[in-house]
Amino acid sequence: MFLFKKALFLAAAVVTLGLLSCQNRSNGAENIFFQSAFMMDTLIEIKVVSADRDEAQQAVKAALSRMEQIDRDMNRYNSKSLLSRINQQAGQTPLIIPPDLFAVLTHGKEWGDITQGAFDITTGAITRLWDFPGRNKPDNQTVQTNLSKVNYQLLQLDERNFSAFLPQTGMDLDLGGIAKGYAVDEAVRVLKEHGITQALVDAGGNMRALGGKDDDFPWKIGIQHPRQPKDLIGTIPLKDQAVSTSGDYERYFIQNGIRYHHIFDPQSGQPARGLISVTVISDTAETADILSTAVFVLGLKRGMNLVNSRPHTDALLITPDGKIITTPGFPLNGLDSKIAIFEHGEK
Ligand code: ADP
Ligand code: MG
């Protein structure tokens, strides 16, 4: 089910109500406020620690409304979104777009270069061929035809007039691997603007912590076992950092014993096969979101090389045979040794 499809969730129990709620804590005057919403095809959760209920409510409301705006502009499944209009105008005319969408597209292109095309925001020409709920996959011929429409380098971004243009009909932008992370960063920015100093924002497993849960304690994040949805492989502490997981168990179907999932290798047009789960910790949710998808596509060796080349970045990778491999600095607690073999990644 999409609602709970993601790999990360809070291990710490917090009262969860549909509307903004207030939970009195026994050890102080501060409260945790919580609100959830469904957008960007996933569950959004915002937790704010504050002594001021009104301030918290207003901050969360503003943060959610910013996320809604990003969803309206960047969701390719909404035919009226700006992103869809760029796609509809492919091969015809450029579209003038607001600075935030322009920035996300610019970052997408930059990360296409950094990942040598493993992360490609024009993968929409492939993703649109798949119907996961309907368990339908495209035939090889169609995949090959559409692969010729996948190339982020062709996306034209004109800084003079803030326009975006896909030069070929059939090209298709898909920001599914970046927009949720960007939205989380924006939500955190808005919360800060409203005076909030401690919060956790989660968009379907793309999370960012502002401060800790308490002055001294970080937020505690559970990392889901990729084959046993109710189990955690461990937890990580998070404070003023972001984390994102990409897994082959989030949107998939199994046919003739083969698992088909939603993270595609832009070289082959097929689901990437080298890993089954990738968790990345980084400074921003956008970077963590991009990197978890990119490392998933790159596989163990190239993925680890990429992570090791980036500052303030750690990762946990799970291979198809269940090995867990982390960067030396990855702060995993409580790893269940029954679940997997544990190794440090190559330097
Ligand atoms: P989720 O969307 O479940 O959070 P990810 O962050 O890993 O998972 O992003 C996967 C999404 O990114 C896909 O649903 C698709 O929209 C898009 N995508 C798939 N493959 C790629 C790729 N190679 N490069 C960029 N985006 C991709
Ligand atoms: Mg991602």
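None of these values were measured; they are calculated from a predicted model. Order of appearance sets the numbers: ligands from 1, and atoms from 1 within every ligand.
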Can you figure out which of Asp174, Leu298, Asp120 has its heavy atom closest to atom 15 (C) of ligand 1?
Asp174

Give yes if a backbone or side-chain nitrogen or oxygen of Phe264 is under 3.5 Å from a nitrogen or oxygen of ligand 1, and no if not.
yes

Can we say Asp248 and Arg227 salt-bridge, meaning some charged N sits less than 4.0 Å from an Asp/Glu carboxylate O?
yes

For Asp289, the ligand 1 atoms whose distance to one of its heavy atoms is below 4.0 Å:
6 (O)

Taking the Mg ion (ligand 2) as the vertex, what is the angle from OG1 of Thr293 to OD1 of Asp289, given to 10 degrees?
150°

Can you confirm whether the side chains of Thr287 and Ser282 place a donor and an acceptor under 3.5 Å from each other?
no

Check: of Arg251, Glu250, His261, min heavy-atom distance to atom 3 (O) of ligand 1 comes from Glu250

Identify whether the distance between the nearest side-chain nitrogen and carboxylate oxygen of Lys149 and Asp172 falls below 4.0 Å.
no

For His262, take its heavy atoms, then give the atoms of ligand 1 lying under 4.0 Å from any of them.
1 (P), 3 (O), 8 (O), 10 (C), 13 (C), 14 (O), 19 (C)

Backbone or side chain, does any N or O of Gly177 fall under 3.5 Å from an N or O of ligand 1?
yes

Apply side-chain contact (heavy atoms from CB on, under 4.5 Å) to Asp131 and list each qualifying residue two or more places apart in sequence or on a separate chain.
Pro133, Asn136

Among Asp113, Thr123, Thr122, find the one that has a side-chain hydrogen bond (donor to acceptor under 3.5 Å, both in side chains) with Tyr152.
Asp113

